Asker: 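Take this structure first; my questions come after.
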Amino acid sequence: MKCQQCDKQAVFHITELEAGAVRELHLCEDHARTYLNQSEGGGGGAPDEEGKPKAGGLAGALDVGQTADELAILDQRACDHCGITFFEFRNQGRLGCPHDYVQFEKELEPLIANIHGMIEHTGRRPSRGASAGSAGAEGAAAAAALPEGTDELTGVICLRREMKEAISREDYEKASEHRDSIKAIEERWIPPLHKEG
Amino acid sequence: MKIDTLTHSIGEWLRGTGPESDIVMSSRVRLARNVANYPFVSRASEQDRLEVEKMLRDRIATVPVGRALEYIDVGHLQEVDRQLLVERQLISREHAEAQGARGVAIDVMEQVSLMINEEDHLRIQCMHSGLDLLGAWEQIKVVDDQIEKIVPYAFHPRFGYLTACPTNVGTGIRVSVMLHLPGLVITRQIDKVFRSLHKISLAVRGLYGEGSQAMGDFYQISNQTTLGRTEEELVQQVGDVVPVIIDYERRAREFLVRETQQNVHDQVSRAYGILRTAQTISAEETMQLLSRVRMGVLLGLIGDVKIADINALLVRTQPAHLQKLRGVELDTNDRNIERARYLRQYFEEGDAGNRSSVN
Ligand SMILES: [Zn+2]
Ligand SMILES: [Zn+2]
């Protein structure tokens with residue numbers, strides 16, 4: 001049998017079921033590939049185990065709206081809390097800590113829009129109380145939606161890093177100050193565990 | 001646990017029950033969560049990971065999920081045991097192969113599993129047999145609410161639940177169904193179906209193959225975006241498309257029986273014949289043949305095999321399960337021989353494929 005679109009031997013016999021009707025297609029390898037790939041839009045590479053795009057596609061998506069120079073400057077920036085640089089994030093496709101979403105909010109926004117087509121979460125929210133906190137620039141509405149203690153809790157990531165640095169320069173007084181602050185914050189915001197039975 | 005108990009039991013998604021279970025193997029919902037006061041896993045120090053594991057492990061233990069939870073310290077398992085959990089879909093391959101403190105809590109029915117220190121601090125998964133996305137969602141919601149009371153999740157007012165990878169941020173939800181689609185594969189319509197799924201931002205992957213190449217005609221369909229829509233909307237997005245695919249698959253199977261009955265009957269019978277007589281057989285071939293036999297049973301071309309048994313064989317003929325069932329480590333060659341022996345024995349004795357089991 002010949003390919004329906006050229007003179008080569010048809011090696012792919014495709015059966016299309018459309019609205020109950022059966023349509024047979026007989027195509028050579030080249031035309032079959034074209035047929036099967038048509039309208040195969042976007043999508044960088046095969047999805048991973050869970051079906052989400054791989055980090056490679058992510059790095060590509062990051063190029064939106066930045067010149068090389070801007071990107072070079074941006075790459076140098078680091079999270080105050082965990083110390084990850086934007087360059088490291090771009091390379092690994094993984095962020096360093098929850099605070100990155102605050103620190104790199106402007107830069108992540110176009111990326112998130114690119115991935116999800118939206119930038120505002122509309123789903124469930126933690127039930128633990130909201131606080132005005134020190135959320136600052138984002139305005140009262142956003143601050144009100146921030147779960148209680150969030151800023152202090154993510155601040156612990158920073159304190160823990162500073163504690164480690166203090167220990168390594170043998171400033172044990174500073175280190176124990178940090179340890180006490182961490183303990184106080186965690187006791188304030190993380191409910192004690194009641195073991196049952 | 002009890003890895004040994006697990007080897008001989010039947011997991012939830014193997015039961016082969018539930019709505020549309022001729023095509024839908026299982027329905028799964030998972031939530032990605034992180035605690036606010038630690039770096040994400042890939043940036044966490046060894047000490048951080050230990051502390052996160054301890055904190056989550058202790059707290060999860062107090063959460064009532066309706067049934068007893070067993071905690072497995074994945075970091076200290078043998079490779080074959082980690083592999084068994086992957087084959088059972090209780091942990092991810094990434095979690096099995098990662099480094100450092102990590103674990104998983106599993107309920108005795110294997111419906112709920114909670115992975116600690118995967119890519120995110122916590123991955124909650126709920127899996128039901130057949131098409132039951134709403135059931136899985138209702139169950140996981142309760143578990144998440146319970147944990148939220150005692151664990152401070154990382155949350156951002158605009159971006160929602162914060163995850164290590166921005167592809168999961170927002171709801172952190174991944175809704176998926178595992179489908180058996182031999183009819184669409186044989187009639188070569190599968191690519192077309194997948195192209196239309198991509199257009200409505202659903203992801204498709206072959207279940208056992210590499211990348212998007214499926215082995216044994218098993219495919220997983222899941223939502224691709226996680227932010228900007230509610231969890232219910234995302235559950236519905238996947239849920240809405242499943243009946244359409246089921247309909248396509250049924251029509252493809254009917255078409256095969258109507259137009260090519262002899263051919264299909266021949267294919268199915270040959271597959272059945274090889275499984276009953278082979279002396280050595282690879283995991284790939286087994287998967288492919290079991291897939292055909294599964295379709296043959298559903299089309300009434302093979303009478304004396306139960307779907308639940310085929311589902312069980314699909315898992316028990318995988319490398320780690322085979323070795324655990326046999327009780328020794330086997331190289332690829334020996335596994336192929338043992339796999340063929342296991343299959344012959346099952347089909348000869350024709351019992352529940354479960355002879356060494358209490359359950
Ligand atoms: Zn051609
Ligand atoms: Zn950070």
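Letters A, B, ... mirror the listed sequences (proteins, then strands); counts begin at 1. A quick note: this is a predicted structure, and the numbers were derived from the prediction, not measured.
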Asker: Any idea which of A:Ile185, A:Val156, A:Ile182, A:Ile119 has the most non-hydrogen atom pairs under 4.5 angstrom with chain B?
Answerer: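 Counting heavy-atom pairs under 4.5 Å, the top option is A:Ile119.
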Asker: Non-hydrogen atoms of chain A under 4.5 Å away: do they reach the side chain of B:Ser201, the backbone, both or neither?
Answerer: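 Looking at B:Ser201, nothing touches chain A.
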Asker: Where does A:Ile112 contact chain B at under 4.5 Å (heavy atoms): side chain, backbone, both or neither?
Answerer: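 The side chain, not the backbone.
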Asker: For the residue pair B:Arg28 / B:Gln220, report whether a side-chain donor-acceptor contact shorter than 3.5 Å exists.
Answerer: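 A pair is found: one side chain offers a donor N or O, the other an acceptor, under 3.5 Å apart.
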Asker: So, for B:Gly183 and B:Leu256, which heavy atoms are closest and what is the spacing to 0.1 Å?
Answerer: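 Closest heavy-atom pair between B:Gly183 and B:Leu256: CA-CD1, 4.0 Å.
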Asker: Which bit of B:Asp48 is near chain A, if near means a heavy-atom gap under 4.5 Å: side chain, backbone, both or neither?
Answerer: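 Answer is side chain: those atoms of B:Asp48 sit under 4.5 Å from chain A.
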Asker: Where on B:Lys141 is there a heavy atom nearer than 4.5 Å to chain A: the side chain, the backbone, both, or neither?
Answerer: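 Both backbone and side chain.
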Asker: Given that the side chain runs from C-beta out, which part of A:Arg160 has a heavy atom under 4.5 Å from chain B: side chain, backbone, both or neither?
Answerer: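 Only the side chain of A:Arg160 comes within 4.5 Å of chain B.
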Asker: Which bit of A:Glu152 is near chain B, if near means a heavy-atom gap under 4.5 Å: side chain, backbone, both or neither?
Answerer: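 It is neither, since no heavy atom gets under 4.5 Å.
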Asker: What closest approach, in Å, do A:Arg94 and B:Cys165 show between heavy atoms, and which atom pair accounts for it?
Answerer: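 Distance-wise, the nearest heavy atoms are NH1-SG, 3.5 Å.
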Asker: Distance-only, no hydrogens or angles: does the B:Arg59 side chain make a donor-acceptor pair with backbone N or O of B:Ile147 under 3.5 Å?
Answerer: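 Absent.
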Asker: Apply side-chain contact (heavy atoms from CB on, under 4.5 Å) to residues B:Asn223 and B:Arg174 and explain how you reach the verdict.
Answerer: CA-CA 6 Å; B:Asn223 61 304; B:Arg174 196 71 58 188; 3.8 Å; yes
Asker: Any idea which of B:Leu234, B:Asn34, B:Asp145 has the most non-hydrogen atom pairs under 4.5 angstrom with chain A?
Answerer: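 Option with the greatest count: B:Asp145.
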Asker: Name the member of A:Gly117, A:Gly83, A:Cys79 that forms the most heavy-atom pairs with chain B at distances under 4.5 Å.
Answerer: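 The option with the most such pairs is A:Gly83.
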Asker: Name the region of B:Glu51, side chain, backbone, both or neither, that has any atom closer than 4.5 Å to a heavy atom of chain A.
Answerer: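 Just its side chain gets close to chain A.
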Asker: Mind checking whether A:His121 and B:Tyr161 have parallel, tilted or perpendicular rings, split at 30° and 60°?
Answerer: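 Aromatic pair A:His121/B:Tyr161 classed perpendicular.
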Asker: Is it true that the side chains of B:Ser45 and B:Gln47 contain a donor and an acceptor less than 3.5 Å apart?
Answerer: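 The criterion, which ignores hydrogens and geometry beyond distance, is not satisfied for B:Gln47 and B:Ser45.
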Asker: Give me the atom names and distance for the closest heavy-atom approach of A:Leu95 to B:Ser42.
Answerer: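 Shortest heavy-atom separation between A:Leu95 and B:Ser42 comes out as O-OG, 4.0 Å.
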Asker: What part of B:Val35 lies closer than 4.5 angstrom to a heavy atom of chain A: side chain, backbone, both or neither?
Answerer: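 Looking at B:Val35, just its backbone touches chain A.
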